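Index from 1, following the sequence. Just so you know, these numbers come straight off a predicted model, no measurement behind them. In listed order, ligands and their atoms are each counted from 1.
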Amino acid sequence: MNIILMGPPGAGKGTQAARLVEKYGLVQISTGDLFRKALREQTPLGVTAQGFMQKGLLVPDEVTIQMVKEYISENTFENGFILDGFPRSIQQADELVNMAEELNFTIDAVINLDIPTDKLIARLSGRRTCKQCGSTFHIVYNPPKTEGICDNCGGELYQREDESEEAVQVRLNTYDEQTKPLIDYYTVKGQLINVDGDQSMDDVFKDIEKCLEEK
Ligand code: AP5
């Protein structure tokens, strides 16, 4: 089972992807995480992505598409994968169709986490991410047991660089202009499943499970 997990910045894609990995044994392919890893390792890809990410803009389509294609062709996915944060533009979605044909896979569900914009700012400004294992927490909605320390691996928690108020606003505008049109794109194809993202993390997951089990 291969899934696309869509939604605006802070909608809970990473949170729900982690649960899907645990329950269904899927592999999470987060383009944001892949870019951040490349940045930490200072690879040419990371250096290219850095300026766009810091400003809250999309990394150019050609670069992103190439990275995803390489990742899918170089890895095996016994139970399938979750695309978390890809596609994010019409061009990326079109290229995903070509990629699926070329690499011989199908997309079985497109899940869109639907949540009002005013809730996103609170979610993003309160998020804390583990430097070591990448687990995410929220200072109010999902606090770690010890402040600043990851429950899962004991690593240090930090706030991402693209979480400044200015960068968050640009990310939300970028989403509206370039990514939101994908809702219509996948609706027309009859593939879109809307899930109410404005519920507790457990309830969002229950709805996703229900949708997947009905498929
Ligand atoms: P990326 O890392 O993908 O960021 P994003 O899409 O903006 O999404 P986030 O990771 O910020 O949010 P999320 O939806 O995963 O929410 P989370 O679960 O953490 O991308 C970063 C950048 O990389 C982009 O800006 C761009 O530059 C570049 N990039 C990436 N992909 C690209 C692409 N395809 N093309 C071009 N460029 C690309 O939750 C947020 C917080 O809320 C957490 O603290 C969590 O604990 C909390 N929370 C989650 N669910 C709930 C809930 N139900 N109730 C209460 N709190 C909740």
What is the closest protein heavy atom to [atom], and at what distance does it sit?
atom: atom 9 (P) of ligand 1; value: Arg127 NH1, 3.2 Å
atom: atom 25 (O) of ligand 1; value: Arg171 CG, 4.0 Å
atom: atom 22 (C) of ligand 1; value: Met53 CE, 3.8 Å
atom: atom 49 (C) of ligand 1; value: Thr15 OG1, 3.4 Å
atom: atom 32 (C) of ligand 1; value: Arg88 CD, 3.4 Å
atom: atom 57 (C) of ligand 1; value: Met201 CE, 3.4 Å
atom: atom 38 (C) of ligand 1; value: Phe35 CE1, 3.7 Å
atom: atom 53 (N) of ligand 1; value: Gln199 O, 2.8 Å

Is the shortest side-chain N to carboxylate O distance from Lys210 to Asp207 below 4.0 Å? no
Hey, looking at atom 36 (C) of ligand 1, which of Leu34, Val59, Thr179 has the closest heavy atom? Val59
Do ligand 1 and [X] have nitrogen or oxygen atoms that lie under 3.5 Å from each other?
X: Arg36; answer: yes
X: Pro87; answer: no
X: Gly12; answer: yes
X: Asn142; answer: no
X: Tyr141; answer: no
X: Gly56; answer: no
X: Lys13; answer: yes
X: Thr136; answer: no
X: Gly10; answer: yes
X: Phe137; answer: yes

Give the numbers and elements of all ligand 1 atoms closer than 4.0 Å to a heavy atom of [X].
X: Gly14; value: 13 (P), 15 (O), 18 (O)
X: Leu124; value: 11 (O)
X: Gly85; value: 31 (N), 32 (C), 33 (C), 34 (N)
X: Thr31; value: 30 (C), 31 (N), 32 (C), 34 (N)

Any side-chain heavy atom of [X] sitting closer than 4.5 Å to one from [Y]?
X: Arg171; Y: Thr174; value: no
X: Leu83; Y: Phe86; value: yes
X: Met53; Y: Glu161; value: no
X: Ile183; Y: Asn112; value: yes
X: Leu26; Y: Ile3; value: yes

Structural part of [X] in contact with ligand 1, heavy atom criterion under 4.0 angstrom:
X: Ser200; answer: backbone
X: Tyr175; answer: neither
X: Leu57; answer: backbone
X: Asp162; answer: side chain
X: Arg128; answer: neither
X: Thr64; answer: side chain
X: Gln92; answer: side chain

Ligand 1 contact by [X], heavy-atom criterion under 4.0 angstrom:
X: Ala11; answer: yes
X: Gly126; answer: no
X: Lys55; answer: no
X: Arg160; answer: yes

Parallel, tilted or perpendicular: which one describes the rings of Phe81 and Phe105, with boundaries at 30° and 60°? perpendicular
For the residue pair [X] and [Y], what are the closest heavy atoms and their distance?
X: Asp162; Y: Val168; answer: O-CG2, 3.8 Å
X: Ile115; Y: Ala11; answer: CG2-CB, 3.8 Å
X: Thr136; Y: Asn142; answer: O-ND2, 3.7 Å
X: Cys133; Y: Ser135; answer: SG-OG, 3.1 Å
X: Leu212; Y: Ala109; answer: CD2-CB, 4.0 Å

Are the side chain of [X] and the backbone of [Y] linked by a donor-acceptor contact shorter than 3.5 Å?
X: Lys69; Y: Met99; value: no
X: Gln54; Y: Gly51; value: no
X: His138; Y: Ala122; value: yes

Enclosure of Gln42 CD (heavy-atom neighbours >12, cutoff 6.0 Å): yes
Any donor-acceptor pair under 3.5 Å linking the side-chain atoms of [Y] with those of [X]?
X: Gln66; Y: Glu62; answer: no
X: Asp108; Y: Thr106; answer: yes
X: Asp84; Y: Gln16; answer: no

